[in-house]
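Chain identifiers are assigned alphabetically (A, B, ...) following the order of the sequence lines, protein sequences preceding nucleic acid strands; residue numbering begins at 1 within each chain.
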Number of protein chains: 2
Amino acid sequence: MKGQTRLSWTDVRDEIRTRILHRTYAPGDKLPRDEDIAAELGCARTTVHRAMQDLSQIGLVERIRKGGTHVRTDPVTRATFDIPITRREVEQRGSKYDYQLISHALEDTPLSVMARFGIQQPARVLHVKALHLADNRPYMFEDRWIHTGSTPDILDVDLNMQSANEWLVRHKPYSRVDVRFYAMNAEGESAVYLSTSPGSALLVIERTTWIGQDPITSVQAVAAPGYQLTALN
Amino acid sequence: MKGQTRLSWTDVRDEIRTRILHRTYAPGDKLPRDEDIAAELGCARTTVHRAMQDLSQIGLVERIRKGGTHVRTDPVTRATFDIPITRREVEQRGSKYDYQLISHALEDTPLSVMARFGIQQPARVLHVKALHLADNRPYMFEDRWIHTGSTPDILDVDLNMQSANEWLVRHKPYSRVDVRFYAMNAEGESAVYLSTSPGSALLVIERTTWIGQDPITSVQAVAAPGYQLTALN
DNA sequence: GACTTTAATAAGTAGGCACATATTAATATT
DNA sequence: AATATTAATATGTGCCTACTTATTAAAGTC
């Protein structure tokens, strides 16, 4: 017990971030070399390196080999969202979860889904429509396509008992996912099942997953009116 | 040059991730100790540690001191979004950016904004409405409140010349941000300025920032119809 | 002067070591 | 037997050292 409290990499990170906030290092500025910062703060270069890695991941600074570290000129706001299984999501709000299969049928991929999957030729897919409920009220309407080539097992699953959402997450790992958000007017089915009037604005979470090159599933999750997605932190 | 190619921590991370994908380590399973994995793969514990930290941050595993490392039971999809300055966003799509101030006025915070700021007493705010355009077409309608207590300088800025968005990002660092997405029906102003018909579904990005405890600004950015937010990666 | 080669630079990475910290299990004390 | 102390364990962290890699600048060559 000699060095009292030494600097942890999070301390260093916070110190550098404070300096950037205070414009000691202004946007566009080049920061001192890791080694010099280490010397100044009295820690090892490794520690500064670890701190810088984090700042770089957050999007506050940019690092280039040999070029040094720069404060980003156009700071971006980086927001991270967790998208859990719908059942989990409902239960964590303290609501009762229910699930209802609406329809399922073997079809060929429509053009829109081919585009999402990134395939040129139509493929056989299981087209599943389902409704998730929270406290007996519609929560999310799910319109899903499951590629039977990559996921033949899905045909043996009783989708009345278990949502495709859940089965897939538990049994079908993916290596890549595309997530996008957009707004949609309720119409036809989505309006009916979410028991809202046609035209009301709904948030859509669209997800497509692949394992290697092979598409697994693509889903449009249409949330009930009033739904908000909140970033972590 | 003896060890040929040694394992980098990203290699280790990918190897562990692959095993989790292949259910070698299934959800809920306890992974071997870092040291054992290191021994098995032929690298140092530090390297495994670095890999595990990343997997833990991604949300694939959970680590507890002494308790060991476990694969998360309910894998979440974690999506990250970059929200740049609007001008940047437009320019990066290869479009011409324009900006138009609609109105600005000193007001007291309405209740909704007090809630967003997390304050009990109304405060004087600059209420700014503006429109961002891409290739002369409406791109985003911005409805913003700026706290004059924390940011008095804003009153000296010529908002015809420079969007509040841009000025704030460049001159006003923040320490905390709340980001949320939701859908809204176009109505009144938003419909007019985004030149769409009332009722059409629009995606709203709502952001509120603080420096320490002090609120800086809260903005509702209403995107033109068709706007999609896409996750990184 | 245009090209190539070489050196210097700064970040990236791996490994080994020592110690910190949180948690559980085992042991000793009352 | 109930409680307190101690030991063992696994992750967390910091530091040092050595080497790698990408990039720029300088020196040398034609």
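- Here the side chain of A:Cys43 is nearest to one of C:dT24, C:dA11, D:dC15, namely D:dC15.
- For A:Thr109 (side chain) and A:Ala123 (main-chain N/O), a donor-acceptor pair under 3.5 Å exists by modelled atom type.
- Panel note: side chain A:Asp135, backbone A:Lys96; a donor-acceptor pair is recorded below 3.5 Å.
- Phosphate proximity of C:dA11 to A:His49: absent, as no side-chain N or O sits under 4.0 Å from OP1 or OP2.
- Annotation: salt bridge (Lys or Arg N to Asp or Glu O under 4.0 Å) contacts involving residues 151-168 of chain B, sequence neighbours excluded, comprise B:Arg87-B:Glu166, B:Glu166-B:Arg170.
- Rounded to whole Å, atom C1' of D:dA10 lies 12 Å from atom CD1 of B:Ile37.
- With the nearest nucleotide of DNA chain D identified for both B:Asp34 and A:Gly67, B:Asp34 has the one nearer the 5' end.
- Of the possible polar contacts, none joining the A:Lys172 side chain to the A:Thr217 backbone as a donor-acceptor pair under 3.5 Å is found.
- By the side-chain contact (heavy atoms from CB on, under 4.5 Å) test, B:Ala134 pairs with B:Val90, B:Arg93, B:Ser95, B:Tyr139, sequence neighbours left out.
- Between B:Asp36 atom CG and D:dT9 atom C1' the separation is 12 Å, expressed in whole Å.
- A:Lys30 has its NZ atom 10 Å from the P atom of D:dT24, to the nearest Å.
- One atom, NZ of B:Lys66, and another, C1' of D:dT13, lie 19 Å apart when rounded to the nearest Å.
- Per the geometry, CZ belonging to B:Arg33 stands 18 Å off P belonging to C:dT23, to the nearest Å.
- The CD1-C1' distance, from B:Ile64 to D:dA10, rounds to 11 Å in whole Å.
- Between B:Thr46 and B:Arg65, the residue anchored nearer the 5' end of DNA chain C, judged by the nucleotide with its closest heavy atom, is B:Thr46.
- Checking the phosphate oxygens (OP1, OP2) of C:dA11, no side-chain nitrogen or oxygen of A:Gln53 falls inside 4.0 Å.
- On a pure distance criterion of 3.5 Å, a polar donor-acceptor pair joins the side chain of B:Arg45 and the base of D:dG12.
- Taking only side-chain nitrogens and oxygens, A:Thr69 never comes nearer than 4.0 Å to OP1 or OP2 of C:dA10.
- Contact annotation: A:Thr47 reaches the phosphate of D:dC15 (side-chain N/O to OP1 or OP2, under 4.0 Å).
- Within the 4.0 angstrom heavy-atom criterion, no nucleotide atom of any strand lies near A:Glu35.
- At whole-Å resolution of the value, CZ in B:Arg50 and P in C:dG16 are 18 Å apart.
- The CD-P distance, from B:Glu62 to C:dA22, rounds to 18 Å in whole Å.
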